[in-house]
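A quick write-up on the structure given underneath.
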There are 2 protein chains.
Amino acid sequence: MTSFPIQTDIRNHLLRTLCAADFDRLRAHLVRCSFEQGAVLESPGESVAAVHFPEPGMLSLVAHAVDGTSAEAGIIGPEGMTGLVLLNGVDASPHTILVQVPCRTLLIEAGPFRQALDASCTLREHLLRYAQVFSVQLAQGALCNAQFTIEQRLARWLLMCHDRADREDLPLTHELLSQLLGVRRAGVTTGLRVLELSGALKTRRGGISIRDRAVLRTIAGASYGVPEAEYARILGGS
Amino acid sequence: MTSFPIQTDIRNHLLRTLCAADFDRLRAHLVRCSFEQGAVLESPGESVAAVHFPEPGMLSLVAHAVDGTSAEAGIIGPEGMTGLVLLNGVDASPHTILVQVPCRTLLIEAGPFRQALDASCTLREHLLRYAQVFSVQLAQGALCNAQFTIEQRLARWLLMCHDRADREDLPLTHELLSQLLGVRRAGVTTGLRVLELSGALKTRRGGISIRDRAVLRTIAGASYGVPEAEYARILGGS
DNA sequence: TTTGTTCCGTACGCTAGCGGACTAAAGTGT
DNA sequence: ACACTTTAGTCCGCTAGCGTACGGAACAAA
């Protein structure tokens, strides 16, 4: 027999901060899932079958050009959800969503999700506020890609990942980071070496341990913080 | 005496494709406005007082970092609207929206806009579909800034601007373009020279005339097209 | 232990784009 | 007609980051 989750046990902030009535609306449809690194939750052009509310861990939204070049555009973790496209009344998007740091999620299928949205304005409004913050994150990512160095963008990315993964050691290869940032693999290696020399982190084969967020924030400079502040303003106190 | 606009006279695609009932809901609140280049429709942290539905012309959504560096993240024209932040139930965003190519808009104040949204699901769904396309545009912009050259990004930008402005001659200085793309002014100059030599456009002091979209598309390559296709798929036929 | 594989460090030559600056041309105001 | 401002073209030296590639280290399988 399946036991439905209890709201206060949930480690996804969006679900945690739903009012009790809205949470109960979703509760019977929520299914706990678990994903390894590399799992694909959404693919370009495919109908989104379900929405995920991640618990600690990290997902990437990856944008693709028609020639196959791609780069990460957004990051999703326990502060958010996947499937914003459904919230906007659309069935599919041209993006990929994939798991970077293994995580559990609470899944709800598209049908019941849509029904719940139709049934509750407050639920819809809650999730739309997150959609707004996420679009701020996308815009900020565009800015960073245009204006900041690899080092700064690495620092920003690691901070954002660390915020969501809730662990110090992140299982990330340089190759993976290079694809997400849209830079060379060797560029990531040298960038990470600088961060390591400054004491911000330790690198291992296949992994990075965050050691000093303050140093990372210094290096990230102005590239980090805007979406985070917006999240706190809009969804932090609820 | 003010005469309220007639739907079929309107040159904003979102308003044009509203169902008649939804349009009538907005109609009495719509006010025609006109803006020069440089006009600011939204500022960081300021409550959004009104939503604009542009007619031919072009607006930029500009993202800012905390240190003042900025770059354009999105483009809005007659296919869309400003004030998505209100649609998402939030009062203000950290972005600026400003006019790049002079245009008229149909304005509706925040209060009546919110009332109309509450009164009509179909209206809200229509506009949310645009919000989805716009977020695809933001993600694609992030990808382009990470992966494409100044020349390609210029070509993409000019195509997107031309799509919206409905005129061949665009009043744009190199300085302005450089701020939007987040590159050097001199970089724009040399980039535009290449585009001009390939016959894509003519430059004048303070302006650019689009001559050959096909050439521009060739140069833009894979950087152009994804949000446009998504718009056609989601909102084109309605 | 050996073999194969994945991942990381590094190096070399090269290019795009930067920062800064100077000049010329095109417009504007008086 | 004049001075002034804005915009555009160009150039120099420089750096970040690219493409490529090689060798070694860590790990996994046998």
Side-chain angles (χ1 to χ4, degrees), chain A residues 36-38 67-72 100-101 143-158 169-198 201-209 219-221 223, chain B residues 36-38 67-71 100-101 143-158 169-198 200-209 219-221 223:
Chain A
E36 293 307 308
Q37 184 167 53
D67 67 349
T69 59
S70 63
E72 186 187 65
Q100 300 301 349
V101 176
L143 167 60
C144 290
N145 290 348
Q147 307 247 310
F148 292 93
T149 64
I150 292 185
E151 258 170 63
Q152 293 173 304
R153 288 165 60 198
L154 266 176
R156 169 184 133 102
W157 194 93
L158 290 170
D169 63 310
L170 307 170
L172 303 161
T173 65
H174 298 188
E175 176 69 29
L176 179 58
L177 278 166
S178 78
Q179 288 166 6
L180 297 179
L181 298 187
V183 301
R184 271 189 326 155
R185 196 271 309 159
V188 172
T189 302
T190 52
L192 284 178
R193 262 187 57 71
V194 174
L195 299 193
E196 185 161 18
L197 286 174
S198 69
L201 50 82
K202 292 264 184 202
T203 61
R204 291 182 322 291
R205 180 187 165 85
I208 294 169
S209 294
I219 294 170
S223 69
Chain B
E36 294 307 309
Q37 185 168 52
D67 66 350
T69 59
S70 64
Q100 300 300 351
V101 176
L143 168 59
C144 291
N145 290 348
Q147 308 247 308
F148 293 93
T149 64
I150 292 183
E151 259 171 62
Q152 293 173 304
R153 288 165 60 198
L154 266 176
R156 168 183 134 103
W157 195 92
L158 290 169
D169 63 310
L170 306 170
L172 304 161
T173 65
H174 298 188
E175 176 69 28
L176 180 56
L177 279 167
S178 78
Q179 288 167 6
L180 296 179
L181 298 188
V183 300
R184 271 190 327 157
R185 198 268 312 160
V188 172
T189 302
T190 53
L192 285 177
R193 262 184 57 71
V194 174
L195 299 192
E196 185 160 19
L197 286 174
S198 69
L201 50 81
K202 293 264 185 200
T203 61
R204 292 183 321 289
R205 180 188 165 85
I208 294 169
S209 293
I219 295 171
S223 71

**OP:** Go through the side-chain N and O atoms of A:Ser223 and A:Gln152 and say whether any donor and acceptor fall under 3.5 Å apart.
**Re:**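 The answer is no; no qualifying pair exists.
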Original post:
Are A:Arg193 and A:Thr189 close enough that a side-chain donor and a side-chain acceptor fall under 3.5 Å?
Top reply: no
Original post:
What pattern of brackets, bars and dots sums up DNA chain D from 5' to 3', given Watson-Crick or G-U wobble pairs under 3.5 Å, [ ] for crossing pairs and | for another strand?
Top reply: |.||||||||||||||||||||||||||||
Original post:
Where the side chain of A:Arg193 is concerned, which of C:dT10, C:dA25, C:dC8 is the nearest nucleotide?
Top reply: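 Nearest to the side chain of A:Arg193 among the choices is C:dT10.
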Got a second to check how far [X]'s [atom1] is from [Y]'s [atom2], nearest 0.5 Å?
X	Y	atom1	atom2	result
A:Leu180	A:Gln100	CG	CD	4.5 Å
B:Leu192	B:Ile150	CG	CD1	10.5 Å
B:Trp157	B:Leu170	CH2	CG	7.0 Å
B:Leu158	B:Arg153	CG	CZ	12.5 Å

If I take atom [atom1] in residue [X] and atom [atom2] in nucleotide [N], what distance separates them, rounded to the nearest angstrom?
X	N	atom1	atom2	value
B:Leu172	D:dT7	CG	C1'	13 Å
B:Leu195	D:dG9	CG	C1'	16 Å
A:Leu192	C:dC7	CG	P	15 Å
B:Leu154	D:dA8	CG	C1'	14 Å
A:Leu181	D:dA16	CG	P	17 Å
A:His174	D:dA26	NE2	P	13 Å
B:Gln37	D:dT6	CD	C1'	13 Å
A:Glu175	D:dG19	CD	P	12 Å

Subject >> Identified side-chain hydrogen bond (donor to acceptor under 3.5 Å, both in side chains) partner of A:Ser209 from the options A:Glu196, A:Lys202, A:Arg204 >> reply: A:Arg204
**OP:** Output, in order, the C-alpha distance, side-chain angles, deciding distance and verdict of side-chain contact (heavy atoms from CB on, under 4.5 Å) for B:Ile219 and B:Val194.
**Re:** CA-CA 10 Å; B:Ile219 295 171; B:Val194 174; 5.6 Å; no
Can you give me the N/O atom pairs linking the protein to nucleotides 17-22 of chain C at distances under 3.5 Å, or say none if there are none?
unit_1 : atom_1 : unit_2   : atom_2 : d
C:dG17 : OP1    : B:Ile150 : N      : 3.0
C:dC18 : OP2    : B:Arg184 : N      : 3.4
C:dG19 : N7     : B:Arg184 : NH1    : 2.9
C:dG19 : O6     : B:Arg184 : NH1    : 3.1

Original post:
Can you find a heavy atom in the side chain of A:Leu177 that is under 4.5 Å from one in the side chain of A:Ile208?
Top reply: yes
**OP:** Have a look at A:Thr189 and say if it touches a base, only the backbone sugar-phosphate, or nothing, with a 4.0 Å heavy-atom cut-off.
**Re:**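 Answer is base: heavy atoms of A:Thr189 come under 4.0 Å of a base.
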